[in-house]
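To keep things clear, I will list the structure first and then write my remarks on it.
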Amino acid sequence: MKNVLKRELILQVINYKGYNMITFLIPLLLLLFLGKGDFFSYFIGMVVMTTIATIMWEEKQKSYLINLSCPISRREYVNGKFITLIIMSFIGMIVGALGNKLITLILPSIVNNDIPISYEMIITCILIVVAAIYYTCYYSGGKKLSYIVYGINFLAVMQIIVLSQAELNTIKKYIPWLFKNDIALMILGIMFILVFILNRITVHFYEKKSF
């Protein structure tokens with residue numbers, strides 16, 4: 001399993017190599033042109049999208065067939081995908097939160113500067129579950145189903161991450177408990193449970209899949 005995780009993390013490094021500045025610039029440009037949302041939400045969205053893009057790269061290169069011919073079980077292969085998703089997402093959460101604070105100091109007029117860690121954790125958890133659903137559909141039901149499910153989920157999530165400061169303040173006013181740390185921790189626990197269930201489902205079907 002250690003070798004599988006190492007391989008997945010190397011794939012992520014390849015994914016991000018040469019795109020470090022773009023990963024930061026695109027969220028900033030979205031803020032400037034849309035005038036709503038926050039750097040953190042755009043950034044963590046890009047991180048999750050880039051993380052699951054390894055599937056597209058493997059599909060194009062057919063490298064997954066080589067990997068599965070090695071002494072790596074299908075269970076380990078799928079587990080590696082899910083674990084790497086969680087690791088990269090939380091790294092993205094930390095970097096995005098720090099980036100949001102930095103840009104707030106530089107451009108306070110366009111950046112939502114009042115984003116509690118609980119909100120950042122909830123957004124991250126939602127995106128992880130969305131990506132996990134995509135993994136399950138891709139490895140269990142095929143590419144067509146995964147694209148449909150991903151498209152629906154992506155549109156729903158986009159409605160969340162482009163919230164303006166005024167809309168965020170409205171949510172704080174009417175649903176104040178959503179920004180409490182204990183609620184965020186509860187959602188974090190629910191996320192791990194959901195991802196575990198989706199992982200088991202994915203492993204079950206992927207082990208029976210023929211290539």
Side-chain angles (χ1 to χ4, degrees), residues 5 8-9 12 15-16 20 23-24 26-28 30-31 34 36-54 79-105 108 110-136 149-150 152-200:
L5 286 175
E8 288 297 328
L9 291 174
Q12 294 306 322
N15 252 351
Y16 283 100
N20 296 332
T23 306
F24 281 92
I26 290 181
L28 188 57
L30 287 171
L31 282 172
L34 295 180
K36 62 188 303 187
D38 59 85
F39 176 84
F40 170 80
S41 297
Y42 290 126
F43 180 80
I44 190 63
M46 283 199 63
V47 167
V48 174
M49 291 284 289
T50 304
T51 299
I52 65 177
T54 55
N79 288 344
K81 289 292 183 186
F82 278 81
I83 294 173
T84 304
L85 168 65
I86 293 174
I87 292 173
M88 295 302 298
S89 296
F90 279 108
I91 290 176
M93 185 185 82
I94 294 170
V95 175
L98 294 175
N100 196 72
K101 292 184 181 301
L102 177 63
I103 294 175
T104 296
L105 296 175
I110 66 167
V111 179
N112 290 346
N113 56 8
D114 187 22
I115 304 176
I117 186 65
S118 57
Y119 180 77
E120 293 170 342
M121 186 177 294
I122 289 171
I123 290 294
T124 303
C125 288
I126 291 173
L127 289 172
I128 290 174
V129 172
V130 168
I133 291 173
Y134 173 77
Y135 279 4
T136 300
V149 172
Y150 180 75
I152 294 172
N153 287 337
F154 177 77
L155 291 175
V157 171
M158 282 301 295
Q159 293 300 313
I160 297 173
I161 67 175
V162 297
L163 291 174
S164 66
Q165 183 65 61
E167 291 167 330
L168 195 59
N169 290 334
T170 300
I171 294 175
K172 287 181 181 179
K173 180 179 179 180
Y174 292 102
I175 319 177
W177 52 266
L178 188 61
F179 296 87
K180 293 182 178 180
N181 290 334
D182 54 345
I183 297 297
L185 290 174
M186 182 182 72
I187 292 176
L188 178 66
I190 293 173
M191 181 274 292
F192 277 113
I193 293 172
L194 289 175
V195 171
F196 176 79
I197 293 172
L198 289 167
N199 174 262
R200 295 300 90 192

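The CG atom of Leu127 sits 6.5 Å away from the CD1 atom of Ile44 when rounded to the nearest 0.5 Å. Atoms CD1 and CG, on Ile128 and Leu188 in that order, are 8.0 Å from each other to the nearest 0.5 Å. Expressed to the nearest 0.5 Å, how far CE of Met88 lies from CD1 of Ile91 amounts to 5.0 Å. With rounding to the nearest 0.5 Å, the separation of CD1 in Ile190 from CG in Leu185 is 11.5 Å. Separating the CE atom in Met121 from the OG atom in Ser89 is a distance of 12.5 Å, to the nearest 0.5 Å.
Partners of Asn79 by side-chain hydrogen bond (donor to acceptor under 3.5 Å, both in side chains), not counting sequence neighbours, listed by chain and number: Asn199, Arg200. With sequence neighbours excluded, the residues forming a side-chain contact (heavy atoms from CB on, under 4.5 Å) with Ile122 are Ile126, Leu178, Ala184, Ile187, listed by chain and number. The ring-ring contact (aromatic ring centres under 6.0 Å, His included) test applied to Phe90 returns no partner, not counting sequence neighbours.
Lys81 has its side chain out of reach of Leu85: every pair of non-hydrogen atoms, C-beta onward, lies at least 4.5 Å apart. Considering only heavy atoms from C-beta on, Val195 comes within 4.5 Å of Phe82 through its side chain.
The two atoms that bring Leu198 and Ala132 nearest to each other are CD1-CB, 3.7 Å, heavy atoms only. Taking every heavy atom of both residues into account, Glu120 and Ala97 meet most closely at OE1-CB, 3.4 Å.
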